[in-house]
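Every chain is numbered from 1, with letters handed out A, B, ... down the list of sequences.
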Protein chains: 2
Amino acid sequence: MKGLPPFAQHFILHWGEMGARWGINRTVAQIQALLFISETPLNAEEICERLGVARSNVSNSLKELQNWGIAKVVHLPGDRRDHFESIRDVHELFRVIAAERKRREIDPTLVRLRACAKEAGATDDPADAYAKEQLESLLGFFELVSEFYEKMNRLPTKSAVHAIRMGDKIAKSIVSLVK
Amino acid sequence: MKGLPPFAQHFILHWGEMGARWGINRTVAQIQALLFISETPLNAEEICERLGVARSNVSNSLKELQNWGIAKVVHLPGDRRDHFESIRDVHELFRVIAAERKRREIDPTLVRLRACAKEAGATDDPADAYAKEQLESLLGFFELVSEFYEKMNRLPTKSAVHAIRMGDKIAKSIVSLVK
DNA sequence: TCTTTATTTCTGTAACGACAGAAATAAATG
DNA sequence: CATTTATTTCTGTCGTTACAGAAATAAAGA
């Protein structure tokens with residue numbers, strides 16, 4: 001890792017580690033971290049030498065980041081090489097990540113659970129009643145999560161942050177309403 | 001997969017798949033799914049034959065589920081074998097999962113980001129100003145997420161569900177307040 | 001204490017993903 | 001159109017993880 005201040009190195013390394021736990025390739029996460037804290041867009045070669053990874057690896061990882069919608073190509077005047085930059089706003093970044101994770105993880109599960117619940121509805125063997133019931137509550141939960149996501153996503157960032165900050169007070173008032 | 005109705009098989013297989021995307025071992029996820037829809041606790045042998053996996057695999061996976069706090073051992077009268085059951089309530093289940101994921105993924109990142117931000121604070125090279133600033137907003141975001149988690153977690157399930165259901169209306173009123 | 005039964009740990013194998021380096025392709029400039 | 005430069009795709013290697021089967025350990029009952 002050349003030409004990076006220590007704190008940046010530590011950050012990038014940790015981000016790579018955490019990415020791995022999130023099911024995201026270490027190099028992909030490192031590049032994202034690097035671009036995120038980089039004021040100017042970087043070209044592939046620069047990314048290579050700063051992180052000390054192979055050119056091909058960078059190429060594939062950048063493509064992955066673009067698939068996620070996290071990084072994009074920009075061109076600098078008088079330079080024919082592709083340059084890359086990350087989404088710069090933190091909230092926007094996690095909005096995109098959340099959307100993508102929902103699309104990849106929640107949505108397919110919702111589809112499958114609905115199909116399974118339908119299948120389960122057809123059988124009336126009392127031995128399966130419990131399984132059926134559990135499946136349905138699971139489906140209900142995923143519907144709720146999905147609904148929650150949609151609502152939060154429609155909010156402008158500022159309001160969402162406020163909603164979170166005031167969350168406990170709001171929730172408490174709901175508790176008393178429900179009672 | 002023996003002795004399971006088709007819908008249960010489909011559910012278990014899908015859950016295993018999704019587990020893999022979440023960084024959870026496929027067998028672990030399958031066992032969890034099986035236990036979740038099983039009315040009675042199952043012993044290791046039963047899990048083996050229903051899922052068609054090796055005994056040792058089941059043993060390790062069950063230990064993993066216990067580490068997560070998702071499954072526990074129970075003993076049936078007149079049977080010395082260990083039997084296992086999953087948390088049965090969906091909301092409780094995801095509360096536990098959320099807590100564990102926070103502990104493994106958010107908390108360490110928070111610690112690291114704080115350390116990096118402190119490190120960054122020490123340097124006053126203007127070349128690093130942008131990186132420093134980005135790091136700080138990232139930290140701010142993780143603080144916010146953590147705070148949100150704490151608040152939601154303190155709510156009883158019923159209130160949390162209500163809060164989500166009414167989320168958009170609440171949010172809209174906040175928006176007008178903020179204006 | 002010996003035997004049976006339950007459970008865990010160990011060991012080897014197979015499958016998969018990450019990644020470097022090479023080769024191939026595509027784009028740009030003279 | 002040839003040459004340089006940028007980028008992607010291909011190929012092989014290395015390391016990791018999942019997992020089955022075997023061996024070892026532990027617990028219970030005869």
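- Between A:Ile31 atom CD1 and C:dA18 atom P the separation is 13 Å, expressed in whole Å.
- Atom P of nucleotide C:dC16 and atom CG of A:Asn25 are separated by 18 Å, given to the nearest angstrom.
- For the salt bridge (charged side-chain N to carboxylate O under 4.0 Å, His left out) test with B:Arg114, the passing option among B:Glu136, B:Glu119, B:Glu143 is B:Glu143; the others fail.
- At least one side-chain heavy atom of A:Ile31 sits less than 4.5 Å from a side-chain heavy atom of A:Leu35.
- Checked against ring pair (Phe, Tyr, Trp, His ring centres under 6.0 Å), A:Phe141 has the following partners two or more places apart in sequence or in another chain: B:His91, B:Phe94.
- Note that B:Arg101 lies outside the cation-pi zone of B:Trp68, set by a 6.0 Å cut-off to the ring centre and a 45° limit from the axis.
- Remark: B:Glu17 does not engage B:Arg21 in a salt bridge, criterion side-chain N to carboxylate O under 4.0 Å.
- Between A:Arg88 and A:Glu85, at least one side-chain nitrogen of the basic residue sits less than 4.0 Å from a carboxylate oxygen of the acidic one, meeting the salt-bridge criterion.
- The aromatic rings of B:Phe142 and A:Trp15 lie perpendicular to each other, with more than 60° between the two planes, well past the 30° mark.
- In this structure, NZ on A:Lys151 lies 14.5 Å from OH on A:Tyr149, to the nearest 0.5 angstrom.
- A:Arg26 has no side-chain polar atom (N or O) that falls below the 4.0 Å cut-off from OP1 or OP2 of C:dG17.
- A:Ile24 has its CD1 atom 13 Å from the P atom of C:dC19, to the nearest Å.
- Per the geometry, CD belonging to A:Glu49 stands 17 Å off C1' belonging to C:dA20, to the nearest Å.
- Stem regions for DNA chain C, each three or more consecutive Watson-Crick or G-U pairs with both distances under 3.5 Å and listed by first number, read C:1-30 with D:1-30.
- In this entry the distance linking CD of B:Glu17 with P of C:dC16 reads 12 Å, nearest Å.
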Handout entry: Nucleic acid footprint by protein, nucleotides 2-9 of chain C - heavy-atom cut-off 4.0 Å, B for base, S for sugar-phosphate alone
Key = ---BSBBB
